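Notes follow the structure.
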Amino acid sequence: MTGFAYRGGVLHAEDIPLPAIAEAVGTPCYVYSTAILQDRYRAYDKALGPLGVRICYALKANSNQAILRLFAEEGAGMDVVSDGEMRRALAAGVAPDRIVFSGVGKTREELVAALTQNLAQINVESREELALLNEVAGSLGRRAPVALRINPDVDARTHVKITTGLRENKFGIDIEHAAEVYRQAAELPNIAPQGLAVHLGSQLLDLAPYRDAYRKLADLVRALRADGLIVDNLDLGGGIGISYQAGETPPDLAAYADIVREILTPLGCHMMVEPGRSLVGDAGILLSRVIYRKHGLSRDFLIVDAAMNDLVRPAMYDAWHEILPIAEPAPDAECSAVDIVGPVCESGDTFAKERAVPPLTDGDLLAFSQAGAYSAVMASTYNSRPLVPEVLVQDSAFAIVRKRPTFEEMIALETSPPWQKD
Ligand SMILES: *Cc1c(COP(=O)(O)O)cnc(C)c1O
């Protein structure tokens, strides 16, 4: 597997030297590697396929059509959290019976859309949603295929902003109430409860929370069945982490599969997982150029042409992204600590503080690594900076899979009210 590596002193994406992409597309831009995307999907398939677990890519991590098509060709289903994501999955050729609709706040319109498209399953997160879905399904003359998302009250031990499986989080139905709500769901005329779902949070580096949550889930399945209820489907969530920096070891998928085999396989349910980050995170970089190396009193700043609007994770989650110079530093290159910042008018527009980097100066190219997940999808046009383009590489070919909008296109989205003179 090729991915991102130095060759002849230059960082390559597969067989493409990154300066060639900078030249053709301009910076900043995201660059994705097909080989890494396929590798990560196939690793899941290898670990979980033999257990009959279906892989439904959580496309909120990266919803570019080219990436969705790539996973669809590998045989993936999709986990969507909005009408827009559902439309993206359908547009990429994913069959509706391979799409699951998750999310804590689905609107009436979204429930109508999910039912009208005949999606495989709607993961319901509250009694209130269940009542609305029952009403909507009735008005459409349908029975809604439902899994209840359970909040197992398990600490995922990840960043507070991406923990979802604790009682105080907004997600899912508290495990204490789950049996009662499942029973109520089974009595509703337009709801067909078919199973349970959990999702503990994101960037989990430890498998213990999965073991705890899946044990609780298995107990719940047995209790529901003892009550005569049908529980056929289990959605095991996503959340497996990746290595953003040295010392972070991602969980082993074979060990994860062992947990599933031991705790859940005996229940004989259809199972699916919803990984996002672990399928795409390693497969992308954000390519950027140094505008100025500004000499400050206390330290130097590398002011780069990417900013928080292009990659918000450092500002939003204090996330760490490794910084790779595109020209390979000499082995004896002396590193010095710099702040790496974007041009946006916010102090939060900082990618790294006092980061030791080899000599980099005006005009040099660099890459932020592990930028395939929750990166391009969170980009905005703040400061009227055009939405950052995306490029997909496969072997010695590359293609722009989302172009940089022109300023005219950006301005044309806005219209003047009739009372203003032109
Ligand atoms: C975000 C999300 C996922 C994917 O999480 P990752 O950490 O990216 O694997 C899966 N399921 C649900 C319900 C989600 O909200």
Side-chain angles (χ1 to χ4, degrees), residues 37 40-41 43-44 47-48 53-64 67-68 71 76-82 84-86 88-89 98-106 110 114 119-126 129 146-152 154 156-166 169-173 195-207 209-210 213-214 217 233-244 248 250-251 253 256 271-284 313 316-317 319 370-378:
L37 293 164
R40 297 303 185 271
Y41 183 85
Y44 262 96
L48 295 172
V53 179
R54 187 185 282 182
I55 301 154
C56 288
Y57 170 53
L59 65 97
K60 72 176 191 281
N62 188 325
S63 55
N64 187 287
I67 288 181
L68 301 191
F71 285 136
M78 307 256 155
D79 175 66
V80 305
V81 293
S82 69
E85 284 196 354
M86 181 184 76
R88 280 181 181 275
R98 292 176 154 265
I99 300 176
V100 174
F101 203 130
S102 301
V104 71
K106 301 175 206 76
E110 285 175 324
L119 299 195
Q121 181 167 293
I122 301 176
N123 289 356
V124 168
E125 300 216 12
S126 64
E129 184 186 355
V146 159
L148 286 193
R149 175 166 174 187
I150 305 307
N151 183 328
V154 163
R157 285 170 251 175
T158 179
H159 190 283
V160 282
K161 287 190 186 165
I162 49 177
T163 290
T164 60
L166 275 175
N169 300 132
K170 68 182 174 184
F171 300 96
I173 293 164
L196 300 169
V198 287
H199 174 67
L200 307 179
S202 201
Q203 184 56 12
L204 275 72
L205 293 174
D206 182 1
L207 289 175
Y210 288 102
Y214 293 168
L217 193 62
N233 292 3
L234 293 180
D235 177 342
L236 312 184
I240 300 258
I242 63 171
S243 178
Y244 284 97
E248 285 181 337
L253 289 177
Y256 175 75
M271 291 187 279
M272 54 170 276
V273 285
E274 307 165 336
R277 187 190 310 271
S278 50
L279 287 176
V280 293
D282 290 333
R313 298 189 66 258
M316 190 148 111
Y317 310 118
Q370 270 72 40
Y374 304 108
S375 297
V377 280
M378 289 190 178

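These figures come from a predicted structure and were not determined experimentally. Atoms within each ligand, like the ligands themselves, are counted from 1 in listed order.
- Atoms of ligand 1 found under 4.0 Å from any heavy atom of Gly238 (numbered from 1 in listed order, with element): 9 (O), 10 (C).
- Residues Asp235 and Met272 come closest through the heavy atom pair OD2-CE, 3.3 Å.
- Within the listing of ligand 1, atoms 6 (P), 8 (O), 9 (O) sit less than 4.0 angstrom from a heavy atom of Arg277.
- Residue-level proximity to ligand 1 for Asn123 is absent, since no heavy atom of it falls below 4.0 angstrom.
- Within the 4.5 Å cutoff, the side chain of Gln203 has heavy atoms near those of the Glu248 side chain.
- Side chain of Tyr57 to backbone of Asn62: a donor-acceptor contact under 3.5 angstrom is found.
- Residue contact check for ligand 1: Gly237 places no non-hydrogen atom closer than 4.0 Å to it.
- Looking only at distances, no side-chain donor or acceptor of Ser102 sits under 3.5 Å from a matching main-chain atom of Val81.
- In this model, no donor atom of one side chain and acceptor atom of the other lie less than 3.5 Å apart for Asn123 and Glu125.
- Looking only at distances, no side-chain donor or acceptor of Arg277 sits under 3.5 Å from a matching main-chain atom of Ile242.
- Residue Glu274 touches ligand 1 through backbone and side chain together, judged by heavy-atom distances below 4.0 Å.
- Per-residue contacts place Pro275 under 4.0 angstrom from the following atoms of ligand 1 (heavy atoms of the residue considered): 9 (O).
- Closest non-hydrogen pair, Ile150 versus Val198, comes out as O-CG1, 3.6 Å.
- Heavy atoms of Ala58 found under 4.0 angstrom from ligand 1 belong exclusively to the side chain.
- Of all non-hydrogen atoms in Ala89 and Val80, the two that sit nearest each other are CB-CG1, 4.2 Å.
- Heavy-atom contacts of Asp79 reach the following atoms of ligand 1: 11 (N), 12 (C) (cutoff under 4.0 Å).
- The single protein non-hydrogen atom nearest to atom 8 (O) of ligand 1 is Tyr374 OH, 2.5 Å, given as residue, atom name and distance.
- Taking a cutoff of 4.0 Å between a charged side-chain nitrogen and a carboxylate oxygen, Glu85 and Lys60 do not qualify as a salt bridge.
- Residue, atom and distance of the protein heavy atom nearest to atom 7 (O) of ligand 1 are Ser202 OG, 2.3 Å.
- Nearest non-hydrogen protein atom to atom 5 (O) of ligand 1 is His199 CE1, 3.3 Å.
- The shortest non-hydrogen separation linking Gly276 to Ala61 is C-CB, 3.8 Å.
- Within the listing of ligand 1, atoms 4 (C), 6 (P), 8 (O), 9 (O) sit less than 4.0 angstrom from a heavy atom of Gly276.
- Atom 15 (O) of ligand 1 has Lys60 NZ, 2.8 Å as its closest protein atom, hydrogens excluded (heavy atom only).
- Note on ligand 1: Gly239 sits in its first shell, one or more heavy atoms being nearer than 4.0 Å.
- Residue Arg149 approaches ligand 1 through these ligand atoms, each under 4.0 Å from one of its heavy atoms: 13 (C).
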